[in-house]
Amino acid sequence: GGTVTIPNYFIAGLVLAIMILPIVSAISREVMATVPSDQKEAALGLGRAIGETIAITIVIGDAPTLSHHIFNQGYSLAAVIANEFGEAEGTHRSALFAAGLVLFVLTLIVNVIARLIVKRSAGKGYRGPTAGAGAEGGGILLVDAAAGV
């Protein structure tokens, strides 16, 4: 209730937030530039995993039941861990850790298989556009898929 005037705490906070935005952005950019690339990739992977868990939890229906029909609602393993970990105690918490271990092992297996496929295909070599162009620029160019080269 009451009369709203233009000079107020909200407007002062809004103007101050806009005024400090450039310095906060510049400092954040400098800090992010010093972070090693492998740590940046790990942070992006964690963010992606959390986002995927939340998206799947919402889309699948978040129903803690097992269904025999593909069009019914359900629960993913990651959603079970995310939803129930806060209230879990004792054996239930241990079961959630075991579910996390299962997810980790499955992810590890998929990543190892993917790396083997990439390594095998990179080992065969790639003939670049300069292959056979003479002694100076010719030859076989090996592609390192992991390094993006």
From [X] atom [atom1] to [Y] atom [atom2], the distance as rounded to the nearest 0.5 Å:
| X | Y | atom1 | atom2 | value |
| --- | --- | --- | --- | --- |
| L108 | L106 | CG | CG | 9.5 Å |
| R48 | E41 | CZ | CD | 12.0 Å |
| T34 | Q39 | OG1 | CD | 9.5 Å |

Do [X] and [Y] belong to the same hydrophobic cluster, where Ile, Leu, Val, Met, Phe, Trp and Tyr are linked whenever their side-chain heavy atoms lie under 4.5 Å apart, directly or via other members?
| X | Y | result |
| --- | --- | --- |
| F10 | V15 | yes |
| I60 | L77 | no |
| V35 | L46 | no |

Could you list the donor-acceptor pairs under 3.5 angstrom formed by side chains in residues 78-102, with sequence neighbours left out?
from : atom 1 : to  : atom 2 : distance (Å)
N83  : ND2    : D62 : OD1    : 2.7
N83  : ND2    : Y75 : OH     : 3.3
N83  : ND2    : A79 : O      : 3.4
E84  : OE1    : H92 : NE2    : 2.8
R93  : NE     : A88 : O      : 3.3
R93  : NH2    : A88 : O      : 3.4
S94  : OG     : G90 : O      : 3.3

Report yes or no: does K40 contribute a side-chain atom to a donor-acceptor pair with the main-chain N or O of M32 at less than 3.5 Å?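 Yes, the answer is positive, given that a donor and an acceptor are paired below the 3.5 Å cut-off.
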Running the 4.5 Å side-chain criterion over Ile, Leu, Val, Met, Phe, Trp and Tyr, what cluster does I23 land in, apart from itself?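 Taking Ile, Leu, Val, Met, Phe, Trp and Tyr as members, I23 shares its hydrophobic cluster with L16, I20, V24, I27, V31.
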